[in-house]
Protein chains: 2
Amino acid sequence: MMLTNSRKFQVVGEYEQAEPLLEDFPDVTPDVVLMDIGLPGISGIEAASRLKREYPYVQIIMLTVYDDDEKVFQAICAGASGYVSKNVNAEKLVEAVEDAFNGGTPISPHIASKVLQMFKDNLPTKNVSYSLTKRELKVLEHLVQGDDYKTIADKLFLSNYTVRAHTRNIYDKLHVHSKSQAVAKALKENLLPA
Amino acid sequence: MMLTNSRKFQVVGEYEQAEPLLEDFPDVTPDVVLMDIGLPGISGIEAASRLKREYPYVQIIMLTVYDDDEKVFQAICAGASGYVSKNVNAEKLVEAVEDAFNGGTPISPHIASKVLQMFKDNLPTKNVSYSLTKRELKVLEHLVQGDDYKTIADKLFLSNYTVRAHTRNIYDKLHVHSKSQAVAKALKENLLPA
DNA sequence: TTAAAAATAGAACATTCGGGCTATTTGTAG
DNA sequence: CTACAAATAGCCCGAATGTTCTATTTTTAA
């Protein structure tokens, strides 16, 4: 109702479930889809994912009462173009549809907080400095690639004794005692320059 | 001007540069700060970062004409609570300030697109299935922790021969030939359940 | 210009690892 | 019930690794 009253666009279909929508879609071809996250049958997220896969141009706005991280996360991955709280007024909803149509991503401030928080959480951890030298970093890079000493030596034009010496120093600085530990630490703590 | 006309809040200060703001801040103590990203002297991002560090409660909205990933990224890291395009109308701006004050994160749809795109780019690569068995996954977990065969055997109450059998199977499935390679692949491709 | 840090190279030795095998027991899907 | 996959366990051997050393040359910082 909120949308039907708007003159800016036309409501071409309404569905209680995802299945019939997916079936009819090729015929109705809307520009923007408003999708409830919690649908009976196929979930809104799954439906969004399928829609996007088959009709990449369609803009999908997720309507949601949930704000738990997992749902938001999944919705993002599904390729939705907007995340709007269910209890918005008509005006906001109309705006959101317009924004989505114009290639923007309308997000309710409350949900945006979630997204940013997740984003920060996913950020590579701050490069705790173990003060590895340039050479040591270089060797570490190769260790992460799974090269053995001899291979590294060849690639860096070094004696394999030297490579072993560097590795030893790396182990000391990282407080580890094996290649796998060093690799794990390097990757988990993002010690290598991107 | 856009804001001064609003009755919903009070403009307690205006600054052309960040330095005097930082200096005055303890006296004016605003709830919400609107910050231009491209300031002369200390950049808006740096200023936001400092403000947040010293006064974590303050809500900062970045006003920006830039939409390049790097700027948006930095702003997020600086802890800003909103990212609004400079060319918004008064109404939107007032809303943004309210949202921020209420703990939300107002983001212009255009900028939100950027954020989500970055988010997706940072996502762990899709879990390509190497069809590792439960046991193999368990062993892989320990390999990532840097345990040697004997240690893993002890922890899982297995013969170290069994652990080696599992690692061989893991190597086959991941197409690798060493612990470090396996660890690298496991971490890079997120093969382990979080 | 001198002292310290980094990079290089080497040796010896015990331990671990990787790969090629075989084989039994336990689940599990038809 | 019965194949078949998974999990378990074992052996051998050569190659790679981890550790403990020493030592020379090159860079860098003071």
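Sequence lines set the chain letters: A, B, ... in the order given, protein chains first and strands last, and positions in each chain run from 1. What you see is a predicted model, and the numbers here were worked out from it, not measured in a lab.
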Using a 4.0 Å heavy-atom cut-off, write out nucleotides 9-21 of chain D from 5' to 3' as B (base contacted by protein), S (sugar-phosphate only) or - (no contact).
BBBB---SBBBB-
Rounded off to whole Å, could you give me the [atom1]-to-[atom2] distance for the [X] and [N] pair?
X: B:Leu132; N: D:dA5; atom1: CG; atom2: P; value: 17 Å
X: B:Asn169; N: D:dT8; atom1: CG; atom2: C1'; value: 11 Å
X: B:His166; N: D:dA5; atom1: NE2; atom2: P; value: 17 Å
X: B:Ile152; N: D:dT8; atom1: CD1; atom2: C1'; value: 15 Å

Side-chain donor-acceptor pairs of residues 101-111 of chain B under 3.5 Å, sequence neighbours excluded:
unit_1	atom_1	unit_2	atom_2	d
B:Asn102	ND2	B:Glu98	O	3.1
B:Thr105	OG1	A:Ser113	OG	2.8
B:Ser108	OG	B:Ser85	N	2.9
B:His110	NE2	B:Asp67	OD2	3.3

Among residues at least two apart in sequence or on other chains, which ones pass side chain to side chain donor-acceptor pair (under 3.5 Å) with [X]?
X: A:Asn160; value: none
X: A:Asp147; value: A:His142, A:Lys155
X: B:Ser159; value: none

Degree of bending in the helix from C:dT1-D:dA30 to C:dG30-D:dC1 once both end axes are built from five pairs, to 10°:
70°
For A:Lys52, I'd like to know if atom NZ has over 12 heavy atoms of other residues, nucleotides or ligands within 6.0 Å.
yes
Could you grab the distance from atom CG of A:Leu51 to atom OH of A:Tyr57, nearest 0.5 Å is fine?
9.0 Å
Tell me yes or no: between the side chains of A:Asp154 and A:Thr151, is some donor less than 3.5 Å from an acceptor?
no
Applying side chain to side chain contact (heavy atoms under 4.5 Å, CB included) to B:Lys134 and not counting sequence neighbours gives none
Taking only residues two or more places apart in sequence or in another chain, which ones pass side chain to side chain contact (heavy atoms under 4.5 Å, CB included) with A:Asn89?
A:Glu91, A:Lys92
Could you pull out all residues at least two apart from A:Glu46 that satisfy salt bridge (Lys or Arg N to Asp or Glu O under 4.0 Å)?
A:Arg50
After noting the C-alpha distance and the side-chain angles of B:Phe9 and B:Asp31, does the key distance pass the side-chain contact (heavy atoms from CB on, under 4.5 Å) rule?
CA-CA 10 Å; B:Phe9 39 73; B:Asp31 296 300; over 6 Å; no
Chain B on DNA chain C: first and last contacting nucleotide, 5' to 3', under 4.0 Å to a heavy atom?
C:dC17 to C:dC21
Can you pull every protein N or O that's under 3.5 Å from an N or O on nucleotides 23-28 of chain D?
none

Which atom of B:Leu140 lies closest to which atom of B:Ala186, heavy atoms considered:
CD2-CB, 3.9 Å
Output every pair passing side chain to side chain donor-acceptor pair (under 3.5 Å) with a member in residues 172-181 of chain B, not counting sequence neighbours, ordered by first then second residue.
B:Glu136-B:Lys173, B:Ser178-B:Ser180
